[in-house]
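Reading through the structure tokens given below for one structure.
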Amino acid sequence: MRGRFSNSMIGVAAAAVALSAVIAVSITGTSAQAPAGAALKTPWGEPDLQGIWTDETNTPLQRAAQYANQEFFTDAQRAELDRQRSALLGRDKRGGRGTELDVSGAYNAEFGSVKRTGKRTSMIIDPPNGRIPALTPEAEKIATADKDFRLALMQSTETCKVKLAGCNGGKYDPKPTARRAERPARYNTARMNRHDDPEDGALADRCLTGGLPDFGGISFRRIVQTPGGISISYDVGQGQGWQRSIVMNGSPHLPANVRQWYGDSRGHWQGNSLVIDVTNFSPKTDFRGAREKLHLVERWTRTGPATLEYVVTIEDPTVWTRPWTVKQEFTKQSDEQNRIYYERRCIEGNIGFPTIMRTARIEDQAFAQGKGPDPLTHDNASGFNEGDPLQ
């Protein structure tokens, strides 16, 4: 099995298909002789958070049941998880010759990276059990209805027939569902097994991003500070990058009727931490069911010359029964090796998505003429990926 993990160097394909620009980023360790993070200041006296940062290990968002109240993995558990995860074929997996699994799946595993398992069993630090709090009854109802609808569109696919992860919670039925023409209850943000309209595609398919909070597996943040201003650029996925500007002048949030894709970020310094309050999200964004009522309180703290701590408290009383808190630890990347930092660009959706739509119409036409199978028997949603034991 070829090596799947990076050591001192991570090769990042920034907007790989669109730009074919590979950025090499060097992970540097923390020097014991270096000054504490609190001592690092900008020329105008503010805590210095500047640089390109990434999480160099993989930590699950919430703790798996088998680790119960275990906050940290043992060394043996990390080694075993690394072994299991490095053996996964992922998108390189092939089915029988000529099957849907054999010819579908778009990219192969060269477009993905597998980072080593982190020390903590979850990013969530509150609640102490490392789990996302229970949903409210109304949110549970919405989530169940949405899942049932998406599984219905998948029920006649090979994915459900052979019980792959993409059909978890569903069951195979050779007769395609009668719900194809049904509209989602809310604005669609995730991939579904049809392409009748552009909005049937996931946000990433349309070169849009999920926004905040971002806990992506392979992602980078570039922080730039000026007197009275802070900008954070996110390089995520395959070019689905974006940028946010933090308002630092003490002014109140925007009026409630003004909604933005990445919310309205208002920041201030609290000791050596940058505290950002984020509200006013658009109802067209979605974080685990939370939309326009999502509220975030972020804390960015430089903990050393090459380390940055990010803690965010997440709340939406219409979705979860209590607020919950996540922590990530980022490592600074080499300024010298990233002195030329390409602007992230996603044009796959702009070019590829019209082709997806056209292909869907050709499939519909062939089926109507008796020359092809019902499109609902094809899996255009799951990607045939194997489950990650860490997740």
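Quantities reported herein were computed from a predicted structural model and do not represent experimental measurements.
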For [X] and [Y], which I'm curious about, is there any donor-acceptor pair between the side chains at under 3.5 Å?
{"X": "H295", "Y": "T279", "result": "no"}
{"X": "R120", "Y": "S122", "result": "no"}
{"X": "T159", "Y": "D379", "result": "yes"}
{"X": "Q77", "Y": "Q70", "result": "yes"}
{"X": "S231", "Y": "Q243", "result": "yes"}
{"X": "D277", "Y": "H268", "result": "no"}

Electrostatic pair [X]-[Y], nearest N-O below 4.0 angstrom:
{"X": "R186", "Y": "D286", "result": "yes"}
{"X": "E298", "Y": "R244", "result": "yes"}
{"X": "R191", "Y": "D205", "result": "yes"}
{"X": "D316", "Y": "K293", "result": "no"}
{"X": "R266", "Y": "D264", "result": "yes"}
{"X": "E158", "Y": "K161", "result": "no"}
{"X": "D146", "Y": "R150", "result": "yes"}
{"X": "D82", "Y": "K115", "result": "no"}
{"X": "D196", "Y": "R361", "result": "yes"}
{"X": "D197", "Y": "R183", "result": "yes"}

Got [X] and [Y] here, is their nearest side-chain heavy-atom distance under 4.5 Å?
{"X": "K332", "Y": "R302", "result": "yes"}
{"X": "Q225", "Y": "L49", "result": "yes"}
{"X": "R222", "Y": "Q333", "result": "no"}
{"X": "L61", "Y": "V326", "result": "yes"}

Would a distance-only check, ignoring hydrogens and angles, find a side-chain to backbone donor-acceptor pair under 3.5 Å from [X] to [Y]?
{"X": "Q62", "Y": "G130", "result": "no"}
{"X": "R63", "Y": "A68", "result": "yes"}
{"X": "T136", "Y": "T318", "result": "yes"}
{"X": "T54", "Y": "E56", "result": "no"}
{"X": "N58", "Y": "T117", "result": "no"}
{"X": "T377", "Y": "D374", "result": "yes"}
{"X": "R259", "Y": "S282", "result": "no"}
{"X": "N280", "Y": "V258", "result": "yes"}

Ring of F72, cation from K119 - is the NZ or CZ under 6.0 Å from the centre and inside 45° of the axis? no
Report yes or no: do I246 and L254 belong to one cluster of Ile/Leu/Val/Met/Phe/Trp/Tyr joined by side chain heavy-atom distances under 4.5 Å? no
So, for [X] and [Y], which heavy atoms are closest and what is the spacing to 0.1 Å?
{"X": "W261", "Y": "T209", "answer": "NE1-O, 2.6 Å"}
{"X": "R180", "Y": "L153", "answer": "CA-CD2, 3.9 Å"}
{"X": "N188", "Y": "L203", "answer": "O-CD2, 4.3 Å"}
{"X": "L294", "Y": "L212", "answer": "CD2-O, 3.8 Å"}
{"X": "T121", "Y": "P60", "answer": "O-CG, 3.1 Å"}

Is it true that F220 and W53 have ring centroids separated by less than 6.0 Å? no
Residues Y187, T285; criterion side-chain hydrogen bond (donor to acceptor under 3.5 Å, both in side chains); working and verdict: CA-CA 8 Å; Y187 184 81; T285 60; over 6 Å; no
So if I apply the side-chain contact (heavy atoms from CB on, under 4.5 Å) rule between D200 and each of M357, M192, R206, which one comes out positive? M192
Identified salt bridge (charged side-chain N to carboxylate O under 4.0 Å, His left out) counterpart of D126 within the set K327, R131, R322: R322
With sequence neighbours excluded, give me every ring-ring contact (aromatic ring centres under 6.0 Å, His included) pair touching residues 299-319. W300-Y310
List, one per line, each side-chain donor-acceptor pair under 3.5 Å for residues 167-176, sequence neighbours excluded.
| unit_1 | atom_1 | unit_2 | atom_2 | d |
| --- | --- | --- | --- | --- |
| N168 | ND2 | A165 | O | 3.4 |
| D173 | OD1 | K175 | N | 2.9 |

Please say whether more than 12 non-hydrogen atoms of neighbouring residues, nucleotides or ligands are located less than 6.0 Å from NZ in K41. yes
